[in-house]
Amino acid sequence: MSRNEPIAVIDFETTGMTPAQGARATEIAIVLLQDGQIVDRFQSLMRTGARIPAFITQLTGITNAMVAGAPPAHDVMREAARFVGGAQMVAHNASFDSKFWAAELAHADIRATQGFACTVLLSRRLYPQARSHSLGNIVDHLGLPRAGRAHRALADAEMAAFLLARIQRDLRETWGIEEPGFEVLNGLQRCARPAVARWLARHRDLGATQ
DNA sequence: TGCCAGGCCCTCTTTAGGGCCTT
């Protein structure tokens with residue numbers, strides 16, 4: 001039996017909504033998920049020199065003093081890039097984290113090459129009955145464990161990994177897709193929502209004939 | 001001075017508007 005390639009589930013805490021407006025990362029966490037299990041973890045605060053607004057400190061608990069004592073961002077990002085290696089990546093609302101991944105790597109003179117899949121898009125397709133697809137709410141809706149303090153990078157990355165593991169399990173057990181790796185996740189998240197059931201059935205049948 | 005993210009997705013839509021999701 002072949003093993004699925006590990007997927008790197010990432011979460012950033014930042015000073016704002018987008019690097020396009022000058023926001024910088026304050027903390028990064030990445031967990032490697034393989035065959036439904038977290039097999040490795042990476043977490044670090046990072047120092048960029050950017051000021052953390054008070055409301056962000058209230059949200060995350062990360063203070064200016066905490067990041068002042070953290071290693072420089074370019075060192076952290078080099079280490080993060082080594083940790084991820086050639087793995088594909090997943091985040092909860094990947095449009096947010098993928099931009100910070102690319103921007104913070106660029107500050108360290110590293111080009112981002114990884115693909116991203118998004119657990120928000122996947123959750124909306126697989127669990128349309130959920131009232132909310134925010135990370136905390138969908139984790140509660142599915143009865144998954146809380147991993148620690150919400151809005152800290154490692155806890156949120158672990159919860160997103162639990163969600164991803166559940167998505168992969170449901171793709172196998174409910175939809176009959178034997179190896180729901182990154183390519184399947186990427187295809188499903190791009191599928192128009194009204195066509196999701198048809199896409200899943202076709203993918204199951206294609207997999208069964210291979 | 002005025003502006004201030006942006007992609008997804010639903011609907012009382014498509015010549016548009018607004019909520020969701022991330023910090």
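Quick note on labels: first sequence line is chain A, next is B, and so on, each numbered from 1. Only heavy atoms go into these numbers, but all of them, side chains included; no hydrogens, no water, no symmetry mates.
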**Prompt:** Among all residues two or more places apart in sequence or in another chain, which pass the side-chain contact (heavy atoms from CB on, under 4.5 Å) test with A/V84?
**Reply:** A/A8, A/I30, A/A87, A/M89, A/W101, A/Q114
Name the atoms and distances for all side-chain donor-acceptor pairs under 3.5 Å in residues 154-163 of chain A, with sequence neighbours left out.
unit_1 : atom_1 : unit_2 : atom_2 : d
A/D156 : OD1    : A/H151 : N      : 3.2
A/D156 : OD2    : A/H151 : N      : 3.3
A/E158 : OE2    : A/R41  : NE     : 2.5
A/E158 : OE2    : A/R41  : NH2    : 3.4

In whole Å, what separates the [atom1] atom of [N] from that of [M]?
| N | M | atom1 | value |
| --- | --- | --- | --- |
| B/dG18 | B/dC4 | P | 14 Å |
| B/dC8 | B/dT13 | C1' | 15 Å |
| B/dC12 | B/dG17 | C1' | 11 Å |
| B/dC3 | B/dC9 | P | 30 Å |
| B/dC10 | B/dT23 | C1' | 25 Å |

Could you grab the distance from atom [atom1] of [X] to atom [atom2] of [Y], nearest 0.5 Å is fine?
| X | Y | atom1 | atom2 | answer |
| --- | --- | --- | --- | --- |
| A/E183 | A/Q88 | CD | CD | 6.5 Å |
| A/I167 | A/L188 | CD1 | CG | 8.5 Å |
| A/I62 | A/T26 | CD1 | OG1 | 4.0 Å |

Identify whether any heavy atom of [X] sits under 4.0 Å from a base atom; if not, whether one sits that close to sugar-phosphate; answer base, sugar-phosphate or nothing.
| X | answer |
| --- | --- |
| A/T60 | sugar-phosphate |
| A/F100 | nothing |
| A/D97 | nothing |
| A/N137 | nothing |
| A/T26 | nothing |

**Request:** May I ask you to say whether A/D205 pairs ionically with A/R202, meaning some side-chain N is under 4.0 Å from a carboxylate O?
**Result:** no
How close or far is atom [atom2] of [N] from atom [atom1] of [X], stated in whole angstroms?
| X | N | atom1 | atom2 | answer |
| --- | --- | --- | --- | --- |
| A/W101 | B/dT23 | CH2 | C1' | 18 Å |
| A/F116 | B/dT22 | CZ | C1' | 13 Å |
| A/R193 | B/dC10 | CZ | C1' | 8 Å |
| A/I10 | B/dT22 | CD1 | C1' | 13 Å |
| A/H151 | B/dC21 | NE2 | P | 12 Å |
| A/L163 | B/dC21 | CG | C1' | 13 Å |
| A/I138 | B/dC20 | CD1 | P | 15 Å |
| A/E104 | B/dT22 | CD | P | 20 Å |

Is any side-chain nitrogen or oxygen of [X] closer than 4.0 Å to OP1 or OP2 of [N]?
| X | N | result |
| --- | --- | --- |
| A/H133 | B/dC20 | no |
| A/R125 | B/dC9 | yes |
| A/H92 | B/dC21 | no |

**Asked** Taking for each residue the nucleotide of DNA chain B bearing the nearest heavy atom, is the 5' side occupied by A/E13 or by A/L121?
**Response** A/L121
**Nearest atoms (heavy-atom pairs only) where A/R149 meets A/Q58** = NH2-O, 4.3 Å
Using atom names, set out every protein N or O paired with an N or O of nucleotides 3-7 of chain B below 3.5 Å, distance rounded to 0.1 Å.
unit_1 : atom_1 : unit_2 : atom_2 : d
B/dC4  : O3'    : A/Q21  : NE2    : 3.2

**Prompt:** Do A/E13 side-chain atoms and A/E27 backbone N/O form a donor-acceptor pair below 3.5 Å?
**Reply:** no
**Item:** A/E104 side chain vs A/A25 backbone, donor-acceptor pair below 3.5 Å
**Value:** yes
**Prompt:** Of all the nucleotides listed (B/dC9, B/dC21, B/dT23), which has the minimum atom distance to the side chain of A/S134?
**Reply:** B/dC21
**Request:** Compare the minimum distances between each of B/dT22, B/dC8, B/dT23 and the side chain of A/I56, then state the nucleotide with the smallest one.
**Result:** B/dT23
